[in-house]
Amino acid sequence: MEENVEKKPSLKDVIRSQAREDERPNSATQSLKNILAGDFFTTESVRRQLWLILLIVFFVIVYVAMRYNVQQDLIKIDNLKKELVDAKYRALAAQSQLTEKCRESNVLRLIKEGPDSAVHVANQPPFLIEIPEGE
């Protein structure tokens with residue numbers, strides 16, 4: 001029975017034979033023609049540099065993600081700067097209105113024009129009342 005069973009090659013042997021089938025040996029000098037034709041990217045050289053390629057791809061993905069985050073942050077900063085300028089202008093306008101309403105001439109005018117106001121402007125200047133301390 002054992003004689004009828006053929007010995008099958010292992011998976012490792014099959015992969016090794018298929019991977020080497022179409023490859024040409026690497027030449028010592030790479031010409032522009034070989035690089036443009038794609039001979040530079042043989043299976044063996046790609047397999048040797050696979051981790052480097054994956055590392056480069058990872059760094060490119062991280063770079064793109066970081067750049068996107070930075071752009072979003074810059075947009076947010078610009079919007080906040082615009083809001084800050086608007087808030088400063090509103091505060092300046094409110095301060096100007098408050099200063100205008102608190103001027104003595106405007107306060108006196110409001111006191112005179114107020115019909116239900118019991119407060120009126122004094123006609124005489126203020127004077128001090130002196131109280132003797134010992135008596």
Side-chain angles (χ1 to χ4, degrees):
M1 277 194 185
E2 291 180 19
E3 296 172 8
N4 292 343
V5 178
E6 296 179 18
K7 184 178 179 186
K8 294 183 180 179
S10 69
L11 181 61
K12 188 175 184 179
D13 295 334
V14 171
I15 291 174
R16 192 175 285 153
S17 68
Q18 288 179 358
R20 307 262 181 200
E21 212 169 85
D22 292 350
E23 288 185 7
R24 298 180 197 150
N26 288 339
S27 62
T29 60
Q30 293 289 337
S31 68
L32 181 62
K33 180 181 174 186
N34 288 344
I35 293 172
L36 292 177
D39 294 339
F40 177 72
F41 297 108
T42 61
T43 307
E44 182 182 340
S45 65
V46 170
R47 195 177 322 131
R48 277 188 287 140
Q49 303 296 330
L50 182 63
W51 291 111
L52 178 64
I53 293 169
L54 290 176
L55 183 67
I56 291 171
V57 168
F58 173 75
F59 281 136
V60 167
I61 290 171
V62 168
Y63 175 77
V64 169
M66 295 296 251
R67 183 167 184 211
Y68 177 76
N69 284 338
V70 168
Q71 285 178 340
Q72 294 301 317
D73 290 344
L74 288 176
I75 290 171
K76 187 186 261 186
I77 288 171
D78 286 342
N79 290 337
L80 290 174
K81 282 182 180 179
K82 289 177 186 175
E83 286 181 30
L84 179 63
V85 168
D86 290 342
K88 283 182 180 180
Y89 286 142
R90 281 183 297 202
L92 186 63
Q95 184 180 6
S96 168
Q97 289 174 354
L98 181 63
T99 303
E100 180 66 29
K101 288 181 180 180
C102 291
R103 283 196 179 142
E104 185 178 357
S105 59
N106 285 336
V107 172
L108 290 175
R109 184 180 49 81
L110 289 174
I111 289 174
K112 286 181 183 178
E113 291 177 0
D116 56 340
S117 176
V119 179
H120 61 279
V121 179
N123 295 336
Q124 299 175 357
F127 58 91
L128 292 175
I129 301 174
E130 293 184 23
I131 302 174
E133 292 187 23
E135 297 179 24

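It should be emphasised that the depicted structure is a prediction, and the values quoted were computed from it without experimental measurement.
In this structure, the separation between CZ on Arg48 and CD1 on Ile53 is 11.0 Å, given to the nearest 0.5 Å. Leu98 CG to Lys101 NZ: the interatomic distance, rounded to the nearest 0.5 Å, is 8.5 Å. Note that the CG atom of Leu84 and the OH atom of Tyr89 stand 10.5 Å from one another [nearest 0.5 Å]. Here OH of Tyr68 is found 10.5 Å from CG of Asp73. Values are rounded to the nearest 0.5 Å.
Cluster annotation: Val60 is not connected to Met66 through the hydrophobic network of ILVMFWY side chains, with a link wherever side-chain heavy atoms come within less than 4.5 Å. Under a hydrophobic-cluster definition in which Ile, Leu, Val, Met, Phe, Trp and Tyr are linked whenever side-chain heavy atoms come within less than 4.5 Å, directly or via other members, Leu55 and Val62 are assigned to the same cluster.
Across all their heavy atoms, Arg90 and Glu83 have their closest contact at NH2-O, 4.4 Å.
Annotation: side chain of Val70 is in contact with side chain of Leu74 (closest heavy-atom distance under 4.5 Å). Within the 4.5 Å cutoff, the side chain of Leu92 has no heavy atoms near those of the Lys88 side chain.
With hydrogens and angles ignored, the 3.5 Å screen pairs a side-chain donor or acceptor of Thr99 with a backbone N or O of Gln95.
Within a 6.0 Å radius of CD in Gln72, other residues, nucleotides and ligands contribute more than 12 heavy atoms.
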